[in-house]
Amino acid sequence: MKYMNKSLDELHMMLKNNEVTSEELINESLSLSHKLQDECNAFVTIIDDAPSKKVTDSLLSGIPYGVKDNYSTKGILTTGSSNTLKDYVPFFSATAVLNLEKAGAVPVNKTVLDEFGMGGTGTTGHTGVVLNPWDKTRMCAGSSAGSAAAVAAGVYPYALGSDSGDSIRKPAAYCGIVGFKPTYGLISRYGLFAYASSLDHCGCFARNVRDIAIVTDAMKGIDKNDMTSWDSSDMHLSENLNSDVKGKKLCYIKELCDINNYPNASDELKNHLENFKETLKKCENLGIVVEEASIDKKILNAIPSVYNVIAFAEATSNMSNLTGFIFGPRGNGDNYAEMMKDHRTKGFSSLIKRRFIIGSYVLQAENQERYFINAQRVRRLIVDKVKELFKTYDGLILPVGTGPAKKLDGKTVVNEEEIALDEHLQIGDFGGFPSITIPNGFVNGLPVGVNITGNCYDDQSVLNIAYALEGAMDYKGQIAPILGGDNHE
């Protein structure tokens, strides 16, 4: 076992030079998939008969990867990690998956998520809890828990995720890898199970920024089946990736990063914020100007509530088609109403049912103005404030969450004054901004991350800043030791 710890460039060169075959890479990845499944429960399906692919000039050709189980994959079980779709096999593939297929990429498994992407813990999928490969007593975050765990453990170089609140970027931080959510519409959402349509983004995980750029280039493109997609044919992210960031300007939000705002701060939070200060110094050493900015704490504290109202309302509408009649296991009953009630009652977890109840409530005619429309107004306030910052700065840089991965036993407490710090990544989804998390060290032996978010369509700038900062740190390509570390031995 000696290949899956390598980058896409390295694997492609080895394939082209006949040092390894696509079949050998796939077999290694499948073997590691089964080992990680035993350790961390990261997969819904392992595709043991995944075929090898012809090696071409495409950097992805012949190389295995993972697909989050809310991307439709033709002829392959696609459950959304929900009992309501536990036997669903689509007749078509998501556009993003098809684009990777055209590039010669080889899917070898479907990864566990929080049910239909609704959750930030990796604990609500119908196949059980996903454990963090760095410490199995900790969560991976979610919803893209399985993909993050697999990339972190070295099962393959990259995997697909989706992000409606922080579902790529926080798992990336908790698992010590890179996670990127591009500008809304850069990657078609056709074939991605809709959760909250105005917030949903397709994206990916990898262990370095260049691999992220390569995969995003292959996934992106305008799509007639997704009216929110846009023409990015003149955008070549990997080709234009460079670390020349001298003169770039970043800001951080004082209210989120000042330790004095957290009177009950844990040692993990204190160390996390100290780590962030060191990262800012590295930015300055690269020639990046870093300045403090301020946003009213009332607005910041409203972020999670705004997210909950909008996301739950859109989810309630999007998932009204899960009746048990069109697809999924048929419910029991003497008439269609009883059958649908039985299907949805038995099929959804308690978390999902609570979210549907809230979503239905805020959409009721008598409640819309007070809750749903008000949440949209506050969303606009938040986005406008951040866009105002982007007139001066090339990006926003912030620590991810309140420290390393939280304990699965629920004993990691997020105090009320820390909520905005824990949830600020939702800003990237509110505005459709390109946003990337990269590793920036360890706290108590566990990885932590830093996030860079830029203005819409500035994906190249965001990736370049992350690429330069990654080069100034020692955390590119790191692999959790659960399967034997870097060499899988």
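Sequence positions, counted from 1, serve as the residue numbers for this chain. Predicted model, so just to flag it, every value in this text is computed and none were measured.
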- request: Check the side chains of Thr111 and Ser147 for a donor-acceptor pair under 3.5 angstrom, ignoring hydrogens and angles.
  value: yes
Flag for Ser7-Asn208: side-chain donor and acceptor within less than 3.5 Å: no
- prompt: Should Asp429 and Arg169 count as an ion pair when the cut-off is N to O under 4.0 Å?
  reply: yes
message: Any carboxylate oxygen within less than 4.0 angstrom of a Lys/Arg side-chain nitrogen, looking at Lys281 and Glu284?
response: no
message: Just to verify, what does Ala311 make a side chain to side chain contact (heavy atoms under 4.5 Å, CB included) with, not counting sequence neighbours?
response: Tyr195, Ala196, Leu199, Tyr307
statement: So CD1 of Ile63 and NZ of Lys6: to nearest 0.5 Å the spacing works out to 12.0 Å
Residue pair Ser61 / Thr56: nearest heavy atoms and the distance that separates them: OG-N, 3.0 Å
message: Could you measure the distance from the CD1 atom of Ile253 to the OG atom of Ser294? Nearest 0.5 Å is fine.
response: 8.5 Å
- prompt: Within the side chain of Lys181, is there an N or O that forms a donor-acceptor pair under 3.5 Å with the backbone of Gly428?
  reply: yes
- prompt: Are any of the side-chain nitrogens in Lys170 or Asp422 under 4.0 Å away from the carboxylate oxygens of its partner?
  reply: yes
- prompt: Is a donor on one side and an acceptor on the other found under 3.5 Å between the side chain of Ser31 and the backbone of Asn27?
  reply: no
task: Kindly say whether Ile47 contributes a backbone atom to a donor-acceptor pair with the side chain of Asn109 at under 3.5 angstrom?
output: no
query: Just how far is it from atom OG of Ser144 to atom CG of Asp69, taken to the nearest 0.5 Å?
result: 11.5 Å
- request: Measure the spacing between CG of Leu286 and CD1 of Ile465 and express it to the nearest 0.5 Å.
  value: 10.5 Å
Asp9/Ile214 under side chain to side chain contact (heavy atoms under 4.5 Å, CB included): CA gap, chis, key distance, verdict: CA-CA 9 Å; Asp9 284 318; Ile214 291 168; 4.1 Å; yes
- prompt: For Ala148 and Pro171, which heavy atoms make the closest approach, and how far apart are they?
  reply: CB-CB, 3.7 Å
task: Have a look at Tyr65 and tell me which of Tyr156, Phe205, Tyr158 forms a ring pair (Phe, Tyr, Trp, His ring centres under 6.0 Å) with it.
output: Tyr158
message: Within the supplied structure, the quantity of interest is the number of heavy atoms (other residues, nucleotides, ligands) at a distance under 6.0 Å from Lys102 NZ; does it exceed 12?
response: no
field: Expected output: side-chain Thr453 to main-chain Ser435 donor-acceptor under 3.5 Å
entry: no
task: Kindly write out the residues that satisfy side chain to side chain contact (heavy atoms under 4.5 Å, CB included) with Ser93, not counting sequence neighbours, or none if the list is empty.
output: Lys74, Val97, Leu98
query: Less than 4.5 Å apart, any side-chain heavy atom of Leu30 and any of Ile46?
result: yes
message: Checking Cys175 against Asn132 for the side chain to side chain contact (heavy atoms under 4.5 Å, CB included) test, could you report, in this order, the C-alpha distance in whole Å, the side-chain angles of both residues, the deciding distance, and whether it holds?
response: CA-CA 7 Å; Cys175 291; Asn132 192 307; 4.1 Å; yes
- request: Check for a donor-acceptor pair, side chain of Glu28 on one end and backbone N or O of Lys2 on the other, with a separation under 3.5 Å.
  value: yes
query: Does Phe43 reach the side chain of Lys110, with side-chain heavy atoms less than 4.5 Å apart?
result: no
message: So, applying side-chain hydrogen bond (donor to acceptor under 3.5 Å, both in side chains) with Lys68, which one of Ser143, Ser81, Ser167 is it?
response: Ser143
- prompt: Can you find a pair of side-chain heavy atoms, one from Ile187 and one from Asn99, that are under 4.5 Å apart?
  reply: no
query: Does any non-hydrogen side-chain atom of Leu100 lie less than 4.5 Å from one of Val67?
result: no
- request: Taking Asp459 for its side chain and Pro182 for its backbone only, find out whether a donor-acceptor pair lies under 3.5 Å.
  value: no
- prompt: What heavy-atom pair brings Leu250 and Cys283 nearest, and what distance separates the two atoms?
  reply: CD1-SG, 4.2 Å
Distance-only criterion, 3.5 Å: show the donor-acceptor pairs between side-chain atoms of residues 390-401 and protein atoms not counting sequence neighbours.
from   : atom 1 : to     : atom 2 : distance (Å)
Lys391 : NZ     : Glu388 : OE1    : 3.4
Tyr393 : OH     : Glu291 : OE1    : 2.7
Asp394 : OD2    : Lys249 : N      : 2.8

query: Do any N or O atoms from the side chain of Glu39 and from the backbone of Ile482 form a donor-acceptor pair under 3.5 angstrom?
result: no
query: Hey, is Glu268 close enough to Arg138 for a salt bridge, meaning N to O under 4.0 Å?
result: yes
message: Please determine whether the number of non-hydrogen atoms from other residues, nucleotides or ligands lying under 6.0 Å from atom NZ of Lys16 exceeds 12.
response: yes
Under 3.5 Å side-chain donor-acceptor pair for Tyr262 and Lys270: no
query: Does atom CG of Asp57 have more than 12 heavy-atom neighbours, drawn from other residues, nucleotides or ligands, at distances under 6.0 Å?
result: no
message: Run Asn261 and Asp258 through side-chain hydrogen bond (donor to acceptor under 3.5 Å, both in side chains) and show every step you take.
response: CA-CA 6 Å; Asn261 289 332; Asp258 188 347; 4.6 Å; no
field: Contact summary for Tyr174 and Gly403, nearest pair of heavy atoms
entry: CE1-O, 3.7 Å
message: Under 4.0 Å between a side-chain nitrogen and a carboxylate oxygen: does that hold for Asp223 and Arg189?
response: no
task: Please lay out, stage by stage, how Thr412 and Thr402 fare under the test side chain to side chain contact (heavy atoms under 4.5 Å, CB included).
output: CA-CA 10 Å; Thr412 307; Thr402 57; 5.8 Å; no
Flag, side chain of Asn17 to backbone of Glu19, donor-acceptor distance under 3.5 Å: no
query: Got a second to check how far Leu463's CG is from Ser238's OG, nearest 0.5 Å?
result: 10.0 Å
- prompt: Going by heavy atoms in the side chains, are Ile382 and Gln426 under 4.5 Å from each other?
  reply: no
- request: Return yes if some donor-acceptor pair links the side-chain N/O of Lys35 with the main-chain N/O of Leu483 below 3.5 Å, else return no.
  value: no
- prompt: Hey, does the side chain of Ser229 reach the backbone of Asp226 with a donor-acceptor pair shorter than 3.5 angstrom?
  reply: yes
message: Ignoring hydrogens, what is the shortest heavy-atom contact between Phe433 and Val386? Give both atom names and the distance.
response: CE1-CG1, 3.8 Å
field: Salt bridge present between Asp384 and Arg380 (N-O < 4.0 angstrom)
entry: yes
task: Grab the two heavy atoms, one from Met4 and one from Arg207, that are nearest each other, plus how far apart they are.
output: O-NH2, 2.5 Å
task: State, with a plain yes or no, whether a side-chain heavy atom of Leu300 is found less than 4.5 Å away from one of His424.
output: no
message: Nearest 0.5 angstrom please: Asn440 CG to Asn275 CG, how far?
response: 5.0 Å
message: Determine whether Asn70 and Leu192 satisfy the following criterion, side chain to side chain contact (heavy atoms under 4.5 Å, CB included), listing intermediate values before the conclusion.
response: CA-CA 6 Å; Asn70 59 346; Leu192 177 76; 3.6 Å; yes
task: Might you confirm whether atom CD of Glu23 has over 12 heavy atoms from other residues, nucleotides or ligands at distances under 6.0 Å?
output: no
Note, Glu314 side chain near Asp200 side chain (heavy atom, < 4.5 Å): no
- request: Could you tell me whether the side chain of Asn464 reaches within less than 4.5 Å of the side chain of Lys248, counting heavy atoms only?
  value: no
